[in-house]
Amino acid sequence: MKKGDHLFLVDGSGYIFRAYHALPPLTRKSDGLPVGAVAGFCNMLWKLLQNARDTEVGVTPTHFAVIFDHSSKTFRNDLYPEYKANRSEPPEDLVPQFGLIREATRAFDLPCVELQGFEADDLIATYARLASEAGAETTIISSDKDLMQLVTDQVSMYDPMKDREIRIPEVIEKWGVPPEKMIDLQALTGDSVDNVPGVPGIGPKTAAQLLEEYGDLDTLLERAGEIKQNKRRENLIEHAEKARVSRELVRLRIDAPVEEGVDTFELSPPDGPKLIGFLKAMEFSTLTRRVAEATGADAGEIDATHVEVEAGDEAHGPDMGSDAASGKDATGTASAASSVADGVDTPQKLADALAEAAPAQTIDRTAYVCIRDLDTLREWIADAYEAGLVAFDTETTSLDPMQAELCGFSLASRPGKAAYVPLSHKNGTGDLLGGGLIEGQIPEKEALDAIRGLMADPAVLKIGQNLKYDWLLMYRLGVEIVNCDDTMLISYVLDAGTGSHGTVGHGMDALSERWLGHVPIPYKELTGSGRNQITFDMVDIERATAYAAEDADITLRLWQVLKPRLAARGLVSVYERLERPMIPVIGRMEHRGIEVDRQILSRLSGDFAQTAAAMEDEIYELAGERFTIGSPKQLGDILFGKMGLPGGSKTKTGQWSTSAQVLEDLATAGHPLPRKIVDWRQVTKLKSTYTDALPGYINAETGRVHTSYALASTTTGRLSSSEPNLQNIPVRTAEGRKIRAAFIAPRGRKLISADYSQIELRVLAHVADIPELKKAFADGLDIHAMTASEMFDVPVEGMPPEVRRRAKAINFGIIYGISAFGLANQLGIPREEAGAYIKRYFERFPGIKDYMDNTKAQARATGYVETIFGRRAHYPEIRSSNPQLRAFNERAAINAPIQGSAADIIRRAMARMDAALENAGLGEVQMLLQVHDELVFEAPEEAVEKVIPVICDIMENAALPARALSVPLQVEARAADNWDEAH
DNA sequence: GTGGTCTCCTA
DNA sequence: GTAGGAGACCACA
């Protein structure tokens with residue numbers, strides 16, 4: 001064991017008692033064996049092993065052991081015969097679980113440690129000392145106060161039931177004394193459960209106060225005579241010896257003669273089949289499925305292990321044989337998954353074997369079923385329960401889930417076995433009002449009623465492709481989908497940015513071709529396209545069945561191939577924490593929409609039209625002719641041809657550029673026309689893109705605007721917004737802000753806008769570890785002024801605005817993967833000068849240069865870079881021989897961890913926000929929009945003051961507990977009637 | 001009608 | 001210099 005390693009020590013005995021009382025009683029289904037504590041224990045171990053990075057612990061263990069009490073008699077009984085004397089026998093239904101928990105530990109392939117004559121706590125103390133001496137960190141999985149004396153900088157505790165970490169500050173907060181004084185504190189207070197006497201009349205509060213005043217127990221007992229309170233003084237003097245004995249009882253031994261060294265606790269990957277065998281024997285179906293998913297094992301192929309149950313806590317069951325892995329199912333027909341699973345021993349090999357086997361499986365559309373009656377549907381639902389999972393897909397009349405009507409849905413619980421349930425297919429015989437519903441379809445309401453329970457049942461995993469769509473559609477129809485996996489999001493986590501120019505999409509057709517070697521029926525083949533396109537409800541049911549059932553079948557097969565790849569590549573927590581939770585969160589946001597004032601926009605549109613018309617007249621006058629102002633080509637001909645103005649830069653097709661920058665320069669040079677063009681463009685841009693387009697997005701039913709957020713479209717992890725894009729509503733100019741002011745709250749409610757201040761620079765300060773930046777943020781300084789002061793040796797006081805502006809541009813440039821060319825462009829200075837600035841910056845903040853070089857090197861070596869939460873962004877073209885393309889990818893790779901980490905942080909905030917607002921009980925407070933570093937909410941007017949701190953708290957602490965940033969996050973929030981004033 | 005180019009809106 | 005989406009124009013089908 002060495003520095004950088006991390007030892008997890010689970011207090012197995014402590015856990016049993018706590019779980020037994022805290023968790024609902026649970027018995028094994030088949031024979032009534034009580035297994036509640038075992039279930040809790042297994043779930044906890046699995047969670048720790050799987051998600052340690054994202055629980056409060058925030059680290060991944062390298063070493064792991066579970067520690068148990070050996071027997072009830074220990075060296076403490078020699079010190080004090082009454083120790084634990086008033087302990088009653090453990091409850092009857094807990095007794096058999098002692099042995100089972102040891103079996104569980106072995107099934108997890110974890111060391112199971114106990115020692116005659118010592119309590120688990122002593123072994124934990126001893127191992128924590130050994131780990132600390134080796135320079136490693138230790139996390140003790142327990143919330144027992146008796147262990148808090150062990151907490152140091154290197155040793156912390158974790159309460160698995162509350163998902164809470166206990167470090168030095170938490171100990172002080174809880175007990176009023178630091179960990180090293182816990183022994184003295186417990187000596188004074190005693191412990192009635194363990195029959196440690198202590199001093200009568202002294203509880204934790206008094207003890208902490210006395211220790212604060214006198215320093216330690218010995219001093220306190222010596223000077224007890226000075227205490228003013230009569231009773232307290234007498235007790236301390238009279239029971240001094242009891243206190244000293246108590247101290248020896250509570251003091252943990254750090255020198256227990258342990259047999260196994262800490263090095264033997266090194267963690268190896270779980271043996272899926274062995275573990276599954278045990279879990280099946282316990283009949284923990286949910287956990288069995290989770291383990292099967294994560295390890296890629298096929299649970300259906302593994303037999304339950306035979307587990308002997310003995311009474312008493314020294315029970316040792318039979319050895320967990322690894323033959324469990326070779327178990328075949330009753331029919332003897334090995335599925336694709338299980339046949340490739342043989343002889344495969346690592347998650348990566350298994351994932352690769354699954355991927356290799358998948359294209360060989362044939363996809364037979366003739367086997368698909370069309371479900372036309374409720375009884376058959378119910379059979380399929382029962383199948384889904386049996387399998388514990390179901391691929392689900394809807395067919396509708398629109399790409400917009402807020403407008404779409406349901407035509408039918410498809411289900412698949414086993415590869416090749418898929419069904420379509422048509423609900424509202426019509427034939428052409430109806431009149432213009434769309435009659436002609438085809439007979440033999442289950443009425444929509446009855447079908448929805450039938451699947452509602454399945455969809456809402458967390459015990460059955462719902463698998464979809466772009467499930468947010470189906471989630472929102474079904475939510476509108478009163479069906480909530482709980483516990484989802486999304487193959488699109490899994491693919492996104494695995495492969496964001498792979499392929500040249502990010503060409504690897506995560507759509508189903510692309511995934512099917514790539515992973516299954518199968519081209520699904522193209523949608524257009526059923527509906528046609530263009531003017532003759534028909535809606536899906538007009539598609540012939542037989543053809544619809546082949547198409548729709550295939551979608552569910554393919555989704556299920558994709559899931560089987562892709563899901564194991566997450567574990568193989570260490571991306572489970574990225575998916576679980578940053579992607580999966582977004583489906584319902586974003587689904588609800590889109591469903592809520594935001595109110596937009598039609599009148600304001602219509603009035604603005606009229607104003608803009610008038611202004612533009614007047615400008616057009618002036619432009620024609622100045623140009624001497626009428627032309628299409630909006631055509632860069634025609635405009636170029638006028639400016640640089642007819643009028644003979646000097647051209648600035650050229651576009652990549654060789655045309656003279658007419659960009660705002662070029663026109664601005666010409667205007668500065670004294671020409672009147674370019675200025676008019678710039679102004680005209682601004683007005684027409686605002687009119688066409690915003691005031692004219694937005695009203696068309698107001699939903700007829702809800703009267704609100706519902707954007708659509710793409711969860712898997714960016715390389716960095718940001719969301720994108722479309723139809724309409726609400727992430728680019730104007731804010732920089734006064735004219736533009738009039739549009740923003742059209743986004744309003746309904747009567748009696750307010751909009752709240754909360755945005756992270758400088759989140760990307762803060763992330764940069766953290767990841768590149770720049771002391772000056774970190775200090776500036778910690779002190780709440782003006783970061784750009786500080787940068788300017790460092791770079792140009794100018795005091796912050798009385799700094800000219802231009803100096804600060806340059807520093808600001810450089811700071812942003814750093815985030816964007818700076819180049820002298822880009823900075824020169826931005827600041828309008830010569831390239832050499834920009835280069836000199838950059839050089840100076842790197843001299844002042846050498847850590848930034850290191851960060852950039854390291855990031856580039858990592859991207860070159862691995863093909864990807866990572867955010868602080870482990871999200872990966874791929875840049876395969878960083879190895880291109882084309883210098884321009886390579887440089888571009890280098891800049892993007894430098895930017896991605898910064899932009900991506902910020903994106904991850906706000907995703908974490910969003911994942912928690914709904915529950916936090918709900919718990920706050922402040923009325924209907926709803927998260928409506930996300931604009932990269934800003935969240936927009938709607939809240940009752942009277943609740944606003946109380947809501948804002950709740951929002952800020954969640955956002956500012958969003959990185960915790962997974963990551964502790966070395967820089968504080970700061971959120972600014974305001975409420976108003978419209979988005980402009982709130983922002 | 002579709003796709004490429006240019007421009008411009010946001011963080 | 002990063003990450004997006006969208007509208008207008010225009011050449012092509």
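Each chain gets a letter, A, B and so on, in the order its sequence line appears, and its residues count up from 1. The structure presented is a predicted model; accordingly, all values stated were derived computationally and were not measured.
- The side chain of A:Ala693 approaches C:dG7 more closely than any other nucleotide in the set C:dG7, B:dT10, C:dT2.
- Using a 4.0 Å heavy-atom distance criterion, A:Ile898 is classed as making no nucleic acid contact.
- Side-chain atoms of A:Ser713 lie closest to C:dG4 of the nucleotides C:dG7, C:dG4, C:dT2.
- B:dT5 atom P lies 12 Å from atom CD of A:Gln655, rounded to whole Å.
- We find that CG of A:Leu764 is positioned 16 Å from P of C:dT2, with the value rounded to whole Å.
- Looking at A:Lys685, its side chain comes within 3.5 Å of the base of B:dC8 through a donor and an acceptor atom.
- Distances shown here put every side-chain N or O of A:Thr689 at or beyond 4.0 Å from the OP1 or OP2 atom of C:dG7.
- The CG atom of A:Leu686 sits 7 Å away from the P atom of B:dC9 (whole-angstrom rounding).
- Between A:Glu981 and A:Arg974 there is no salt bridge, since none of the side-chain N atoms of the basic residue sits less than 4.0 Å from a carboxylate O of the acidic one.
- Contact check on A:Glu833 versus A:Arg806 returns a salt bridge, with a Lys/Arg side-chain nitrogen under 4.0 Å from an Asp/Glu carboxylate oxygen.
- In this structure, A:Arg577 does not pair ionically with A:Asp904, as no charged nitrogen and carboxylate oxygen lie closer than 4.0 Å.
- Between the side chains of A:Gln727 and A:Gln930, at least one donor N or O sits under 3.5 Å from an acceptor N or O.
- Comparing C:dG4, C:dA3, B:dA11 against the side chain of A:Asp933 picks out B:dA11 as the nearest.
- Listed pair A:Gln682 / B:dT7 fails the phosphate criterion, with no side-chain N or O lying under 4.0 Å from OP1 or OP2.
- A:Arg737 places no side-chain N or O within donor-acceptor distance of the main-chain N or O of A:Asp980, the cut-off being under 3.5 Å.
- Atom CH2 in A:Trp680 sits about 11 Å away from atom P in B:dC8, given to the nearest Å.
- Of the N and O atoms on the side chains of A:Ser720 and A:Ser713, at least one donor lies less than 3.5 Å from an acceptor on the other residue.
- Closest approach to the A:Thr714 side chain among B:dA11, C:dG4, B:dT7 is made by C:dG4 (side chain taken as heavy atoms from C-beta onward).
- Here C:dA6 is the nucleotide among B:dT10, C:dG7, C:dA6 with the atom lying nearest to any side-chain atom of A:Asn725.
- OP1 and OP2 of B:dT7 both lie 4.0 Å or more from every side-chain N or O belonging to A:Thr651.
- The side chain of A:Ser631 lies closest to C:dC10 when the candidates are B:dT10, B:dA11, C:dC10.
- Distances shorter than 4.0 Å separate some side-chain N or O of A:Arg681 from OP1 or OP2 on B:dC8.
- Between A:Thr653 and B:dG4, a side-chain N or O to OP1/OP2 separation shorter than 4.0 Å is absent.
- For C:dG5, neither phosphate oxygen OP1 nor OP2 lies less than 4.0 angstrom from any side-chain nitrogen or oxygen of A:Ser721.
- Distance from the side chain of A:Glu723 is smallest to C:dA6 among B:dT10, C:dA6, C:dC10.
- Between C:dG7, C:dA3, B:dC9, one nucleotide has an atom nearer to the side chain of A:Tyr697 than all others, and that is C:dG7.
- Closest contact between the side chain of A:Tyr690 and the listed nucleotides B:dC9, C:dC10, C:dA3 involves B:dC9.
- Atom CD in A:Gln634 sits roughly 9 Å away from atom P in C:dC9 (whole-Å rounding).
- Between A:Arg718 and B:dA11 there is no side-chain N or O to OP1 or OP2 distance below 4.0 Å.
- In this structure, A:His932 atom NE2 and C:dT2 atom P are separated by 16 Å, rounded to whole Å.
- Atom CG of A:Asp692 is separated from atom P of B:dC9 by 16 Å (rounded to the nearest Å).
- A:Asn728 has its CG atom 19 Å from the P atom of C:dT2, to the nearest Å.
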